[in-house]
Enquirer: 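Here you go, one structure.
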Amino acid sequence: MAGWGGFFFSLLNYKTEKYVIAENRKIGILFRLYQLAVLGYIIGWVFVAKKGYQEREDAIQTSVFTKLKGVSLTNTSETGPYLWSPEDYVIPQSGEQVFFVVTNYIETPNQRLGFCAESVKVPDGQCQSDDDCPEGESVIAGNGIKTGFCLNSTGTCEIHAWCPVEYSQRPMEPLLGEAENFTIYIKNFIRFPKFKFSKSNVLETSDANYLKGCFYDKVDHPYCPIFRLGELVSRTGHDFHEMAAKGGSVGILIEWNCDLDKDSSECNPQYSFTRLDMDSNNSVNSGYNFRFARYYKDPGGQTYRTLYKVYGIRFDIMINGQAGKFNIVPTIIAIGSGVALMGVGAFVCDMILLYMMNTSSFYRERKFEIINFKKERSKQKDGKAGNQDKRSRKPGAAEDAANSIKKPEEIELAVETSPPEEGDATVKKRGPTIPRNTGQRYSGILSQKGAPSKQHITFSSHN
């Protein structure tokens, strides 16, 4: 119980630092190297690289508009010549942040609702008898509803669907190969609400013809937001025609890293491009396609349609950014973290000296000192009492010393006239007793009188 009491009372003690200079070169070199490393980290990494003296904002507000231009002419056996414009090959046409450009397609014209054979490409539509085609069951990954009949001519089930079903193969070369020269216009607005800073990736100019003839270039035209599709895909490291034939997905990243301590002209957009689907164009999972249809009515009021399975490139525009500006609070925090790291170095060096060196016990005695205020006060009181006793004894001692000093004549007279006491053998042998410091006092008296010559003191003794 006493041990726990001592532990809890020790928690009330105050510990202060005591600086001890340890002349140990190894520890000194280690400590200085650690200090240099911390200084390099704080100055080089925190302040220079990461700008730790700035207040940061990552909540960027952004808006993106897109517009594509270009036309392409196709000529197929099913439909003949057809002119594709942005209204046809851009999906959606509203110019959103994510859009799709048609570069290849399979067309199935004049489809009407009726009964026809399922495609041989669909495994669930294949059959050997009518039992394999239960009536009313839909074909998994197929085109219609089974009617209960198996068609021996095709080896597939009869279905109720838009007939004829899609049957053509994907063209190996993109039908819209001229899409390589299509242009895409990307307009981006950004804003950092904390700093009330906003900017656009379009050059602010009064020249109306600037955007009609420029193309993006990182050095010459960093604020021209117009790209050729072929050049944009090539920046991902892939061939445009290979991607256009099978389809793919491309990411366009616009990054704004703004140092608002500098001029606003230093805050520029940085573009990067990457392919988002499979890296290998030969992969089964790579590519991108979907289907859509265009519906018509004949003179008799019957509906028919043209089905398109389109391949193309999907573009995802992603905006990222952050801004920074000087603020005293993060600066103080960064400096405080550096000071704390300095303290860690001192702590480690102390641990080495206290527990890992041969002289650890000697260092521990010098570093730690316990001060008990009660004991110190009692010592001070005892010391004051002793001084008072010494002072009280001084007057009596001084009187004795003064009485012991006599004039030279009195000394000589006393020596001549005083009879020796009986049994005083020591007096006969040693002569008369002379008080201490008599010679010094006598020489002082003579110097005050200004005697020209030194006087000798003779002592007579009784025979």
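Just so it is clear, the values below take in all heavy atoms, side chains as well, and ignore hydrogens, waters and symmetry mates. Residues take their numbers from the sequence shown, with the count starting at 1.
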Enquirer: Report, one line per pair, each donor and acceptor closer than 3.5 Å where one atom sits in a side chain of residues 83-91; sequence neighbours left out.
Expert:
unit_1	atom_1	unit_2	atom_2	d
W84	NE1	T74	OG1	3.0
S85	OG	E87	OE1	2.7
S85	OG	D88	OD2	3.3
D88	OD2	S85	N	3.2
Y89	OH	G70	N	3.4
Y89	OH	G70	O	2.6

Enquirer: Nearest 0.5 Å, what's the CD-CG distance between Q111 and L307?
Expert: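 If I round to the nearest 0.5 Å, the distance is 5.0 Å.
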Enquirer: Would you say the side-chain atoms of S265 and D263 include a donor-acceptor pair closer than 3.5 Å?
Expert: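 There is such a pair between these side chains.
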Enquirer: Are there more than 12 heavy atoms of other residues, nucleotides or ligands under 6.0 Å from atom CD1 of I328?
Expert: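 Counting neighbours around CD1 of I328, more than 12 heavy atoms of other residues, nucleotides or ligands fall under 6.0 Å, so yes.
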Enquirer: Would you say that more than 12 heavy atoms from the other residues, nucleotides or ligands in this model lie under 6.0 Å from the OH of Y295, or not?
Expert: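 Counting other residues, nucleotides and ligands, OH of Y295 exceeds 12 neighbours.
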Enquirer: Using only heavy-atom distances, determine whether the side chains of N143 and S119 contain a donor-acceptor pair under 3.5 Å.
Expert: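 No, no side-chain donor-acceptor pair sits under 3.5 Å.
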Enquirer: Could R235 and E231 be called an ion pair, given the rule that one side-chain N must be under 4.0 Å from one carboxylate O?
Expert: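 Salt bridge flag = yes for E231 with R235.
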Enquirer: Do N268 and W256 have a side chain donor and acceptor closer than 3.5 Å?
Expert: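 Checked: N268/W256 side chains show no N/O donor-acceptor pair below 3.5 Å.
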Enquirer: State plainly whether the residues E55 and K325 are in salt-bridge range, i.e. N to O under 4.0 Å.
Expert: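 Looking at E55 and K325, the cut-off is not met.
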Enquirer: State which residues pass disulfide (SG to SG under 2.5 Å) with C258; sequence neighbours excluded, sorted by chain then number.
Expert: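 Disulfide (SG to SG under 2.5 Å) list for C258, sorted by chain: C267.
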Enquirer: For Y185 and F227, I'd like to know if the aromatic rings sit close, meaning centre-to-centre distance below 6.0 Å.
Expert: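 Ring-ring flag for Y185/F227: false, centres at least 6.0 Å apart.
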Enquirer: Can you find a side-chain donor-acceptor pair between D259 and Q54 that sits under 3.5 Å?
Expert: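 Yes, Q54 and D259 have a side-chain donor paired with an acceptor closer than 3.5 Å.
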Enquirer: If I take atom CG from residue L276 and atom OG from residue S249, how far apart are they, to the nearest 0.5 angstrom?
Expert: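 Interatomic distance, L276 CG to S249 OG, rounded to 0.5 Å: 4.0 Å.
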Enquirer: Would you say N209's side chain and K212's backbone share a donor-acceptor pair under 3.5 angstrom?
Expert: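 Flag not set: sc N209 to bb K212 has no pair under 3.5 Å.
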Enquirer: Can a salt bridge be assigned to the pair E166 and R291 using a cut-off of 4.0 Å between side-chain N and carboxylate O?
Expert: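 Result for this pair is yes, salt bridge flagged.
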Enquirer: Strictly below 4.0 Å, N to O, side chains only: are D58 and R56 in salt-bridge contact?
Expert: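 No, this pair does not count.
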Enquirer: Report the C-alpha separation of V233 and R275 in whole Å, then their side-chain angles, then the decisive distance to 0.1 Å, and conclude whether the side chain to side chain contact (heavy atoms under 4.5 Å, CB included) test is met.
Expert: CA-CA 8 Å; V233 172; R275 183 169 181 176; over 6 Å; no
Enquirer: Calculate, to the nearest 0.5 Å, the distance between atoms NE2 and CD1 belonging to H238 and I313 respectively.
Expert: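 If I round to the nearest 0.5 Å, the distance is 11.5 Å.
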Enquirer: Closest heavy-atom contact between A334 and I42?
Expert: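 Of all heavy-atom pairs spanning A334 and I42, the closest is O-CD1, 4.1 Å.
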Enquirer: So, T306 side chain and P109 main chain: donor-acceptor pair closer than 3.5 Å or not?
Expert: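 No; judged by distance alone, with no hydrogens or angles, the pair does not exist.
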Enquirer: Would you please test L203 and L211 for side chain to side chain contact (heavy atoms under 4.5 Å, CB included) and show each step?
Expert: CA-CA 9 Å; L203 181 67; L211 294 177; over 6 Å; no
Enquirer: In this structure, are over 12 heavy atoms from other groups packed under 6.0 Å from K121 atom NZ?
Expert: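 Enclosed: over 12 neighbouring heavy atoms sit under 6.0 Å from NZ of K121.
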Enquirer: Looking only at side-chain N and O atoms, does N327 offer a donor or acceptor that is under 3.5 Å from a partner on Y53?
Expert: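 Side-chain D/A pair, Y53 to N327: absent.
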Enquirer: Any pair with a residue in residues 28-48 that passes side-chain hydrogen bond (donor to acceptor under 3.5 Å, both in side chains), sequence neighbours left out, goes on the list, sorted by first then second residue, please.
Expert: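 Of all non-adjacent pairs touching residues 28-48, those that pass side-chain hydrogen bond (donor to acceptor under 3.5 Å, both in side chains) are R32-Q35.
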Enquirer: Could you walk me through whether F290 and F100 pass ring-ring contact (aromatic ring centres under 6.0 Å, His included), step by step?
Expert: CA-CA 10 Å; F290 63 92; F100 177 83; 4.8 Å; yes
Enquirer: I'd like to know if the side chain of T274 and the backbone of G251 have a donor-acceptor N/O pair within less than 3.5 Å.
Expert: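 Checking the backbone N and O of G251 against the side chain of T274, no donor-acceptor pair under 3.5 Å is found.
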Enquirer: Is the positively charged end of R228 above the ring of F215, judged by distance under 6.0 angstrom from the centroid and angle within 45° of the axis?
Expert: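 Yes, R228 and F215 form such a contact.
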Enquirer: So does K50 have more than 12 non-hydrogen atoms from other groups sitting under 6.0 Å from NZ?
Expert: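 Result for NZ/K50: open.
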Enquirer: Are Y288 and Y311 an aromatic pair, judged by ring center distance below 6.0 Å?
Expert: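 Not under 6.0 Å, so no.
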